[in-house]
Number of protein chains: 2
Amino acid sequence: MATAIAGNTDRAARWFHALSDPTRLGIVIRLTNGERCVCELTDALDAAQSRLSFHLKVLKDAGLITDRREGRWVHYSLNREAIDEAGQFLASLKPRRRLKVECCG
Amino acid sequence: MATAIAGNTDRAARWFHALSDPTRLGIVIRLTNGERCVCELTDALDAAQSRLSFHLKVLKDAGLITDRREGRWVHYSLNREAIDEAGQFLASLKPRRRLKVECCG
DNA sequence: ATGATATATCAAATTTTGTTGATGTGTCAA
DNA sequence: TTGACACATCAACAAAATTTGATATATCAT
């Protein structure tokens, strides 16, 4: 439920950290329409190979993407569930009760 | 439109960076039901004052929260629009066309 | 087997973030 | 107008993330 989602701050922080870099967002965006191999991403993002590999690992460790080896190529895809959960976390930040709190009286 | 949202990676990266820390998420969660003054947040989060102030600034610089001074107190509130936009960014990561791309032939 | 290709990993250097304690600023009360 | 309070900012340091270039690993073609 919503409260539980919002309570899991460490997990959410990890998702958002993984999404906090333009290169990684570029990767994620390019995975939107389906699996892509690293070679395609390297071209599209114009990033050095080890650098791209690093960012892919960050995303993978955060559970936002998964990989699949096929021959000598590795294909990455989005983990929709995780993306959705991150979205739900944000959605859980809607006001639930409107408190007019007077503090610091 | 969706593409434009997903295209604005730098802006999105800034939102997600601001959300990438448990203390900051703690702040955001506590602002969910309305404005809070720094004093309340300090208590609730058990954080040193300058530390809290630092994190509030990160959130504010990212446009996720706003502040309002009232006497000697400063009250912070969520910027719903920005939170929503971040959510929309994630929502924009839904598959639009299903391409069965054969690469690396 | 040998070499080439695709990708991962590693170590070192660099950059960015976060923490802490001290000090500054604005506001209020006496 | 002095002192206390709430908060921001700063400087120094610590810790974490990122980049780069080199090397390792797996797979494939010859």
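Naming: A, B, ... by sequence-line order, numbering from 1 per chain. Any value given below was found using the heavy atoms of this structure, including those in side chains, with hydrogens, waters and symmetry copies removed.
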Enquirer: C/dT25 P sits how many Å from B/Asp67 CG, rounded?
Expert: 19 Å

Enquirer: For A/Lys57 and D/dT19, give me the distance from atom NZ to atom C1', rounded to whole Å.
Expert: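 Value for this atom pair: 16 Å.
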
Enquirer: In whole angstroms, how far is the P atom of C/dA8 from the CG atom of A/Leu59?
Expert: 12 Å

Enquirer: Can you tell me how far C1' of D/dT18 sits from CG of A/Leu52, to the nearest Å?
Expert: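 These atoms are roughly 14 Å apart.
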
Enquirer: Please say which of B/Arg14, B/Arg11, B/Arg80 ends up in a salt bridge (charged side-chain N to carboxylate O under 4.0 Å, His left out) with B/Glu85.
Expert: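 When salt bridge (charged side-chain N to carboxylate O under 4.0 Å, His left out) is applied between B/Glu85 and each of B/Arg14, B/Arg11, B/Arg80, only B/Arg11 qualifies.
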
Enquirer: Let's see if you can work this out: which of D/dA29, C/dA8, C/dG21 has an atom nearest to the side-chain heavy atoms of A/Arg72?
Expert: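 Nearest to the side chain of A/Arg72 among the choices is D/dA29.
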
Enquirer: Round to the nearest Å and state the distance from B/Asp46 atom CG to C/dT20 atom P.
Expert: 11 Å

Enquirer: Compare every heavy atom of B/Arg69 with every heavy atom of B/Gly71, then report the nearest pair and how far apart it is.
Expert: O-NH1, 3.1 Å

Enquirer: Determine, for A/Asp84 against B/Lys94, whether the closest basic-nitrogen to carboxylate-oxygen distance falls under 4.0 angstrom.
Expert: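 Here A/Asp84 pairs with B/Lys94 in a salt bridge, since their nearest N and O are under 4.0 Å apart.
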
Enquirer: How many Å lie between CZ on A/Phe54 and C1' on C/dT15, as a whole number?
Expert: 12 Å

Enquirer: Establish, with yes or no, whether the OP1 or OP2 oxygen of D/dT18 is under 4.0 angstrom from a side-chain nitrogen or oxygen of A/Arg24.
Expert: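 Yes.
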
Enquirer: When the nearest nucleotide of DNA chain D is assigned to A/His55 and to A/Glu70 on a heavy-atom basis, which residue is associated with the more 5' position?
Expert: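 That would be A/His55.
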
Enquirer: Would you indicate which nucleotide in D/dT20, C/dG21, C/dA8 comes nearest to any side-chain atom of A/Ser50?
Expert: D/dT20

Enquirer: Would you indicate which nucleotide in D/dA8, C/dT7, D/dA17 comes nearest to any side-chain atom of A/Val38?
Expert: C/dT7

Enquirer: Starting from P on D/dC7, measure out to CD1 on B/Ile27 and report it in whole angstrom.
Expert: 13 Å

Enquirer: From A/Tyr76 OH over to A/Leu64 CG, what is the distance, rounded to the nearest 0.5 angstrom?
Expert: 13.0 Å

Enquirer: CH2 of B/Trp73 versus P of D/dA6: gap in Å, rounded?
Expert: 7 Å

Enquirer: Looking only at side-chain N and O atoms, does B/Tyr76 come under 4.0 Å of OP1 or OP2 in D/dA6?
Expert: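 No.
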
Enquirer: Where the side chain of B/Cys39 is concerned, which of C/dA8, C/dG21, D/dC7 is the nearest nucleotide?
Expert: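 So the nucleotide nearest the side chain must be D/dC7.
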
Enquirer: Name the closest nucleotide to the A/Arg69 side chain, picking from D/dC7, D/dA26, D/dT18.
Expert: D/dA26

Enquirer: Distance only, no hydrogens: is a donor on one side chain within 3.5 Å (strictly under) of an acceptor on the other, for A/Thr23 and A/Arg51?
Expert: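 Short answer, yes.
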
Enquirer: Looking at B/Gln49 and D/dA8, is any side-chain donor or acceptor paired with a base atom of the opposite kind under 3.5 Å?
Expert: yes

Enquirer: Does A/His17 place a side-chain N or O at less than 4.0 Å from the phosphate oxygens OP1/OP2 of C/dT17?
Expert: no

